[in-house]
Amino acid sequence: MSQKLQNVRVRSAPSPTGDPHVGTAYVSLFNYAFAKNAGGTFILRIEDTDRSRSSKESEEAIMRSLRWLGLEWDEGPDKEGDPGPYRQSERFGIYSKYGQKLLENGSAYRCFCTSERLAALRKTQQAQKRPTGYDGLCRALGEDEIEQKMAQNEPYTIRLKVPAEGETSYEDYIRGTITFRNPEIDDQVLLKSDGFPTYHLANVVDDHLMEISHVIRAEEWITSTPKHVLLYNAFGWEQPAFIHLPLLRNKDKSKISKRKNPVSLDWYREKGYLKEALLNFLALMGWSIGAEREKFTLQEMVTHFSWERAKKSGPVFDLQKLDWLNGEYIRAMSPDELLDRIVEEGYTDYTDVPRRKLLSIMELVQDRMKTLSEFDESIGFFFAREPYDAETLIPKKKDASFTAEVLEALKDTLEGVEDWTTESLEQALQAFCEEGGWKRRDVYMPLRVAITCRRVSTPLFETMEILGKKECLVRFQEAVEKCENKG
RNA sequence: GCCCCCAUCGUCUAGCUCGGCCCAGGACGCCGGAUUCUCAUUCCGGUAACAGGGGUUCAAAUCCCCUUGGGGGUACCA
């Protein structure tokens, strides 16, 4: 397998159906990394030949998502180049012309079989435990029969005439030689009866016209590649190199699917995964940078990219590890940077809060966040008194009267703190515990809940400083009353 | 059913191309501990794998074969 890296042109060719899929990002990432490493061109081509399932919204979502991730293409639907357009629905005329060519040189034939007959055929084949596939009925049609049917306007498809004997093989960069016996390759439909091409024809024609040098796609295409090879041969075209990436898997090892895994790139974005974390994680799913490193940037992947370090086996998509990675990236940023990201990318509603205040809060929550969407959730109590049960005030293994006692005792101390800073508060509270013989945890928990309304919160004294004495005392008083009502 | 791909800790993997340095290394998770006002963070420690069987060889996680397991394909969807 000679890697001719002179003129690398690769493409990501998603179908615009449904939500933008992580698999698209995954395949695009590898195309991108390889192209950029080789100084080549990364193309985005929209494969919308399935008219009923394709949608404009989906196409836009794919482009938006890829751009969000920073996988910018050099040529694509909105970046026209010589071999465009890059949307197959806009190349409609091209395919039938090439289908015609195949008809003329005897590599394809018209098939008038109805879908009903095909379905029945498949059924009996399965029942008889025979391999399924077209039986070649229309291959034997004579010229006059064909003309007659056409005169009667009978709908037909154009099928590839796969050689009855021999075998077809190709070299896969990461899997080596893959061989299929020709009788096992189906006479694939190339042009549907509505005149639209199937994936197979459109794909090969476009890859040729767009001078794609390496076809990098997911493993699920391995079996249809021999059909593509046959097509290149039938046209007399040089074939590109083929590389099949392992499929992303659910926990049960099946192909990743939305029923078993969040699969939409929008979901990851909304949840607040950083693009660098998601990219890094996706890269890890099919490639390793070597040594004992697992954190690396897109740019590092590009510079170190090589197929030797690509893997063949299908990785389970494990959100737990993504969470960890995301946390790593979050912690690696300065509070300032993090806040910028959160504000710019719209993860917070607290946009009219003074930046200085948000920043001081950020310092308290940064280490506690796994995703950006957790920011607002974890700081809500800074801006509003949240409802909570009196029960919540009670420390472990203690009761309501104990809690009331603590709060009562605490009152004077709190009110007496003049300099409402983290340091003085801590000093005052420590002194309070020592003098009164209280255990810290028994004092801090009720206080924490009184101040933050939550048992899990940012560090107490820092939080109190930010809230200010006045607000803290109000909250404290409310807690005391809550306790009294309870008791 | 048939065809194709794959196979190292629960998960992601290094090692396999060029057999010995591997009674298999790292990471996530989990468990335990330290720090600690909660939760996190941070730091220590622990758990856990070469699917099985045959070969080849002085020597195999690494090469070959078989079995098993998993996955994908099998459409006028991509």
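Lettering follows sequence order; numbering is per chain, from 1.
- Among the atoms of the strands shown, base atoms are found under 4.0 Å from some heavy atom of A:E462.
- Remark: B:C50 base-pairs with no nucleotide; criterion is Watson-Crick or G-U wobble with both hydrogen-bond distances under 3.5 Å.
- Computed from coordinates, the A:N250 CG to B:G72 C1' distance equals 13 Å when rounded to whole Å.
- Checking A:H244 against A:T225 by side-chain atom types alone, a donor-acceptor pair falls below 3.5 Å.
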Taking N or O atoms only and anything under 3.5 Å, show me the protein contacts with nucleotides 6-12 of chain B, one pair per line.
{"from": "B:C12", "atom 1": "OP1", "to": "A:V316", "atom 2": "N", "distance (Å)": "2.7"}
{"from": "B:C12", "atom 1": "O2", "to": "A:K321", "atom 2": "NZ", "distance (Å)": "3.3"}

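- Between the OG1 atom of A:T403 and the CD1 atom of A:I394 there is a distance of 4.5 Å, given to the nearest 0.5 Å.
- A distance of about 35 Å separates the C1' atoms of B:G10 and B:U57, rounded to the whole Å.
- Taking CZ from A:R110 and CG from A:L141, the interatomic distance works out to 10.5 Å, rounded to the nearest 0.5 Å.
- In terms of modelled atom types and a separation under 3.5 Å, the side chain of A:W73 and the main chain of A:M63 share no donor-acceptor contact.
- Qualifying side chain to side chain contact (heavy atoms under 4.5 Å, CB included) partners for A:V189, counting only residues two or more places apart in sequence or in other chains: A:T157, A:R159, A:T198.
- Taking atom C1' in both B:G71 and B:C30, the straight-line distance is 27 Å, to the nearest Å.
- Here A:T17 lies out of heavy-atom contact (under 4.0 Å) with every strand.
- In this pair, A:Y170 and A:F242 present their aromatic rings perpendicular. The plane angle is above 60°, beyond the 30 to 60° band.
- Note on A:E59 versus A:R87: salt bridge recorded, some NZ/NE/NH1/NH2 to OD/OE distance being below 4.0 Å.
- The nearest whole Å value for the distance from the CD atom in A:E184 to the P atom in B:G72 is 20 Å.
- No side-chain N or O of A:D48 forms a donor-acceptor pair with one of A:S54 less than 3.5 Å apart.
- Whole-Å rounding puts the A:F461 CZ to B:U36 P distance at 14 Å.
- The CG atom of A:L429 sits 15 Å away from the C1' atom of B:U36 (whole-angstrom rounding).
- Less than 4.0 Å separates RNA chain B from at least one heavy atom of each of the following residues of residues 363-374 of chain A: A:D367, A:R368.
- Considering only side-chain atoms of A:M445, the nucleotide from B:A27, B:U38, B:A14 that sits closest is B:U38.
- Defined by atom type and a distance below 3.5 Å, a donor-acceptor pair is missing between the side-chain atoms of A:N182 and A:E165.
- Within the 3.5 Å criterion, the main-chain N or O of A:M369 finds no donor-acceptor partner in the side chain of A:E374.
- On the C1' atoms, B:C22 is 12 Å away from B:U8, given to the nearest whole Å.
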Provide a list of protein-nucleic acid N or O atom pairs under 3.5 angstrom, restricted to nucleotides 74-78 of chain B.
{"from": "B:U74", "atom 1": "O2'", "to": "A:T132", "atom 2": "OG1", "distance (Å)": "2.7"}
{"from": "B:C76", "atom 1": "O2", "to": "A:S193", "atom 2": "N", "distance (Å)": "2.8"}
{"from": "B:C76", "atom 1": "O2", "to": "A:S193", "atom 2": "OG", "distance (Å)": "2.8"}
{"from": "B:C76", "atom 1": "N3", "to": "A:S193", "atom 2": "OG", "distance (Å)": "3.0"}
{"from": "B:C76", "atom 1": "N4", "to": "A:C113", "atom 2": "O", "distance (Å)": "3.2"}
{"from": "B:C77", "atom 1": "OP2", "to": "A:K192", "atom 2": "NZ", "distance (Å)": "3.1"}
{"from": "B:C77", "atom 1": "O2'", "to": "A:D50", "atom 2": "OD2", "distance (Å)": "2.6"}
{"from": "B:C77", "atom 1": "O2'", "to": "A:R53", "atom 2": "NH2", "distance (Å)": "3.3"}
{"from": "B:C77", "atom 1": "O2", "to": "A:R53", "atom 2": "NH2", "distance (Å)": "2.9"}
{"from": "B:A78", "atom 1": "OP1", "to": "A:T49", "atom 2": "OG1", "distance (Å)": "2.9"}
{"from": "B:A78", "atom 1": "OP1", "to": "A:K192", "atom 2": "NZ", "distance (Å)": "2.8"}
{"from": "B:A78", "atom 1": "OP2", "to": "A:Y199", "atom 2": "N", "distance (Å)": "3.1"}
{"from": "B:A78", "atom 1": "O3'", "to": "A:S15", "atom 2": "OG", "distance (Å)": "2.7"}
{"from": "B:A78", "atom 1": "O3'", "to": "A:E47", "atom 2": "OE1", "distance (Å)": "3.4"}
{"from": "B:A78", "atom 1": "O2'", "to": "A:S15", "atom 2": "OG", "distance (Å)": "2.3"}

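- Atoms CD (A:E434) and P (B:C37) sit 12 Å apart, rounded to a whole Å.
- Side-chain contact check for A:D336 and A:S334: no donor-acceptor pair (N or O, by modelled atom type) lies under 3.5 Å.
- Under the Watson-Crick or G-U wobble criterion, with both distances below 3.5 Å, B:U35 has no partner in any strand shown.
- Screening residues 316-329 of chain A for side-chain hydrogen bond (donor to acceptor under 3.5 Å, both in side chains) gives A:Y273-A:D323, A:N280-A:Y329, A:E294-A:K321, A:E328-A:R331 as the qualifying pairs, with residues at least two apart or on separate chains.
- For the pair A:K439 NZ and B:U38 P, the computed distance is 14 Å after rounding to whole Å.
- Comparing the same atom, C1', in B:A61 and in B:A24 gives a spacing of 8 Å after rounding to whole Å.
- OP1 or OP2 of B:A14 lies within a sub-4.0 Å distance of a side-chain N or O belonging to A:S288.
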Polar pairs (N or O, both sides) under 3.5 Å between protein and nucleotides 42-49 of chain B?
{"from": "B:U42", "atom 1": "OP1", "to": "A:R331", "atom 2": "NH1", "distance (Å)": "3.2"}

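- In a base pair of the Watson-Crick type (N1 to N3 plus N6-O4 or O6-N4) or a G-U wobble (N1-O2 and O6-N3), with each distance short of 3.5 Å, B:C28 is matched with B:G10.
- With C1' as the reference atom, B:G72 and B:C76 are 22 Å apart, rounded to whole Å.
- The partner of B:U56, taking Watson-Crick or G-U wobble pairs whose two distances both stay under 3.5 Å, does not exist in any strand shown.
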Discussion item. What verdict does the ring-ring contact (aromatic ring centres under 6.0 Å, His included) test give for A:Y26 and A:H21, after you've listed the backbone C-alpha separation in whole Å, the side-chain angles of each residue and the deciding distance to 0.1 Å?
Written reply: CA-CA 9 Å; A:Y26 176 64; A:H21 202 278; over 10 Å; no
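- Side chains of A:R122 and A:T132: no donor on one and acceptor on the other come within 3.5 Å.
- A:R309 comes within contact range of the sugar-phosphate backbone alone, with a heavy-atom separation under 4.0 Å but no base atom that close.
- B:G71 atom P lies 19 Å from atom CD1 of A:I178, rounded to whole Å.
- Proximity of a side-chain donor or acceptor of A:D194 to a complementary backbone N or O of A:F196 within less than 3.5 Å is detected.
- Nucleic acid contact for A:S254: sugar-phosphate only, since backbone atoms but no base atoms lie under 4.0 Å from a heavy atom of the residue.
- Annotation: B:C18 and B:C9 have their P atoms spaced 25 Å apart (nearest Å).
- For the residue pair A:E171/A:T177, the side-chain donor-acceptor check at 3.5 Å is satisfied.
- At a cut-off of 3.5 angstrom, the base of B:C37 holds at least one donor-acceptor pair with the side chain of A:R448.
- B:A75: no Watson-Crick or G-U partner with both key distances under 3.5 Å is found in any strand.
- Across all strands shown, B:C16 forms no Watson-Crick or G-U wobble pair with both distances under 3.5 Å.
- Inspection of the A:T17 and A:D50 side chains reveals no N or O donor paired with an N or O acceptor under 3.5 Å.
- For B:G26 and B:U68, the C1' atoms lie 30 Å apart once the distance is rounded to whole Å.
- Rounded to an integer number of Å, the gap from CG of A:N326 to P of B:G29 is 13 Å.
- With P as the reference atom, B:C3 and B:U47 are 45 Å apart, rounded to whole Å.
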